[in-house]
Amino acid sequence: MQECYIKDFPDKIDQEIIIKGWVANRRSSGKLSFLILRDGTGICQVIVEKALFPDTYSEIKKLPLESSVIIQGRVVKEDRAQGGFEVHASHVQIVHVSDEFPIGKKEHGPDFLLKNRHLWLRTPRQIAIMRIRDALIRHIRTYFYTNDFTLIDSPILTTTCGEDTSSLFSIDYFDLGKAYLSQTGQLYLEAAISGLGKVYCFGPTFRAERSKTRRHLTEFWMIEGEMAFYDHKQNLDLQEDFVSYIVQNTIRDKAQELAVLERDLAPLKKIEAPFNRISYDEALDILHKNGSNIEWGSDLGGDDETVITRLFDKPVFIESYPKKTKAFYMKQDPARPECVLCADLLAPEGYGEIIGGSQREDNLDILMQSITDNGLDPERYDWYLDLRRYGSVPHSGFGLGLERTLTWICGLTHLRETIPFPRMIYRAYP
RNA sequence: UCCUCGGUAGCUCAAUCGGCAGAGCGGGUGGCUGUUAACCACUAGGUUGGGGGUUCAAGUCCCUCCCGGGGAGCCA
């Protein structure tokens, strides 16, 4: 007698095995009951014959969905069964008889599902998304590992910030006053490149923006890379290589899960370097020809991005934004001081921004000026300014939003399904 | 913070002009020896988000509060 997982059934044909799991669905037909069992590796059908269970059949037949059970039985190849195999039960142990499970077989609304996120995670679609998320994360880490990056875990509690303080969650930090939940690890990565060359971090990021859209979470996961001696162009070359790698490897590994989501893989298979590159000025031209009256100097809005991504079947970089629309640390373009050497990467099919990146300002005086121009306190950034005092080098980096990337790969309409327990402006439960 | 849509049975929704509050799924009971969101019959299930108002009469109209969805701004 051997305990096994459903995924191992092809090697267990006609053997007596034990599996442990949950009743995902149940049907009966007179003297025969079909339990659809989920064990964390797959789904299979268990046949319970009334004749073999004279005392317990009536209870087994009425087992509520999501009851947990241990089944002993024989694995049989059966084309009529989902997955091609089924188990003919010889023994059924009921571990727990479930209360009536709130999530049924019909559709539910978003409020109900999000309130029941802890239970929603058991359903086939959510299981598929979590497996794709796992694969995506693994390929991201592998890419960095195989390209000579070192992982640097940046702090979650910080007193310096990358953007402005209005979008930070603050907490009381003992006698030192306010500390903030990290909004980016970038400044710390910049400190690490002088010792390690190429580094990355991958951790939770917190934004207290009162955003209320399908593209925003208050807590999300961001992957940031930072590379010494990389200029703006090398930065983009690396980003498109990186994104191509993670997309191709993820869709190759998780074709089955993407099929559950009914994701059309054709657009994703085209995602290979080189990507499209247009300047902010060119983006404005495109928008003007499409009826927009956006003025030079304004940041692009979500609708603007959608218009642009629809024109390309691959991701598109938008380069050289006006300096005033971007963060203080981005490098001023020597040829055009009113612009910075940066680029956002927009995913196709209308998904929009998944990466923000830039070459960083390595000149001490210009950086100091930017900090004061942005109303920030130079004293708090003294350690960051030190990086421009001791062997300053040209360097660049970028940040990729994990959930946005996953939303695109999975073809979802809302990124809240891509994180196990989403944190949103009006929702922090469960 | 602003704009917009919504809240009716456990869930998803319907209810015409203001005129008896309904269906499917889920639950319960029974039936069926190969089901695939199984099926068939019967059955229980309601403070129509809260409060106030107009009216002979309010799920429906008005005021107000609460909760949520989508979007804007901002960003990944």
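Just so it is clear: chains get the letters A, B, ... in the order the sequence lines come, proteins before strands, and each one is counted from 1. Computed from a prediction, not measured in an experiment: that's the story for all the values here. Below, each value reflects all heavy atoms present in this structure, side chains not excepted, and no hydrogens, waters or symmetry copies.
- Using a 4.0 Å heavy-atom cutoff across all strands shown, A/His108 reaches sugar-phosphate atoms only and no base atom.
- Residue contacts for A/Lys115: at a heavy-atom cut-off of 4.0 Å it reaches no nucleic acid atom on any strand shown.
- Atom CD of A/Glu107 sits in a sparse spot, with 12 or fewer heavy atoms from other residues, nucleotides or ligands closer than 6.0 Å.
- Closest to the A/Gln45 side chain, of the nucleotides B/rU35, B/rG69, B/rA76, is B/rU35.
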Verdict with supporting geometry, A/Ser370 and A/Lys323, side-chain hydrogen bond (donor to acceptor under 3.5 Å, both in side chains): CA-CA 10 Å; A/Ser370 284; A/Lys323 183 172 167 63; 2.9 Å; yes
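- Relative to the side chain of A/Glu100, the nucleotides B/rG27, B/rU35, B/rA37 differ in distance, and B/rG27 lies closest.
- Rounded to whole Å, the separation between the C1' atoms of B/rC25 and B/rU60 comes to 26 Å.
- Backbone-only engagement by A/Phe112 is indicated by non-hydrogen atom pairs under 4.0 Å involving sugar-phosphate atoms exclusively.
- Taking every side-chain heavy atom of A/Leu114 into account, B/rG69 is the closest of B/rC75, B/rG69, B/rA76.
- Between B/rU16 and B/rC11, the two C1' atoms lie 26 Å apart (nearest whole Å).
- Residue A/Glu219 is out of contact with every strand shown, counting any heavy-atom pair closer than 4.0 Å.
- Separating the P atom of B/rC56 from that of B/rU1 is a span of 41 Å, rounded to the nearest Å.
- Out of B/rC74, B/rG68, B/rA72, the shortest distance to the side chain of A/Asp111 is found at B/rG68.
- One P atom belongs to B/rU8, the other to B/rG59, and the distance between them is 14 Å to the nearest Å.
- Checking B/rG34, B/rU29, B/rA72 against every side-chain atom of A/Lys62, the shortest atom distance belongs to B/rU29.
- Side chain A/Arg404 to base B/rC75: a donor-acceptor pair is found below 3.5 Å.
- Residue A/His414 places at least one side-chain N or O under 4.0 Å from the OP1 or OP2 atom of B/rG70.
- Across all strands, A/Phe220 comes closer than 4.0 Å to base atoms (heavy-atom distances).
- Of the possible donor and acceptor atoms, one in the side chain of A/Ser182 sits under 3.5 Å from a partner among the backbone N and O of A/Thr184.
- Which of B/rG34, B/rU33, B/rA76 sits closest to the side chain of A/Lys31 comes down to B/rU33.
- For the pair A/Lys314 and A/Phe275, the cation-pi criterion (under 6.0 Å, within 45° of the ring axis) is not fulfilled.
- OP1 or OP2 of B/rU1 sits under 4.0 Å from a side-chain N or O of A/Arg210.
- Side-chain atoms of A/Asp299 lie closest to B/rC75 of the nucleotides B/rU35, B/rC75, B/rG69.
- The same atom, P, is picked in B/rC5 and in B/rA14; the two are 16 Å apart, to the nearest Å.
- Taking atom P in both B/rC66 and B/rA23, the straight-line distance is 36 Å, to the nearest Å.
- Side-chain nitrogen and oxygen atoms of A/Arg416 include at least one within less than 4.0 Å of the OP1 or OP2 phosphate oxygen of B/rG70.
- Scanning atom types as modelled, no donor and acceptor separated by under 3.5 angstrom connect the side chain of A/Thr213 and the base of B/rG70.
- Between A/Arg125 and B/rA37 there is no side-chain polar atom (N or O) within less than 4.0 angstrom of OP1 or OP2.
- Under the Watson-Crick or G-U wobble criterion, with both distances below 3.5 Å, B/rG70 is paired with B/rC3.
- Base-pair partner of B/rC39: B/rG31 (Watson-Crick or G-U wobble, both distances under 3.5 Å).
- With a 3.5 Å ceiling on both atom-pair distances, the Watson-Crick or G-U wobble partner of B/rG19 is B/rC56.
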Pair A/Phe317-A/Asp344, side chain to side chain contact (heavy atoms under 4.5 Å, CB included): steps then yes or no: CA-CA 6 Å; A/Phe317 286 107; A/Asp344 288 345; over 6 Å; no
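- Going from the P atom of B/rC17 to that of B/rU29 covers 43 Å, rounded to whole Å.
- Enclosure of atom OH in A/Tyr145 is not indicated, since only 12 or fewer non-hydrogen atoms of other residues, nucleotides or ligands lie within 6.0 angstrom.
- Of all nucleotides listed (B/rG69, B/rG73, B/rG34), B/rG34 comes nearest to the side chain of A/Leu32.
- Nucleotides B/rA58 and B/rU48 are separated by 12 Å at their P atoms, to the nearest Å.
- Rounding to the nearest 0.5 Å gives a distance of 7.0 Å between CG of A/Leu238 and CG of A/Asn147.
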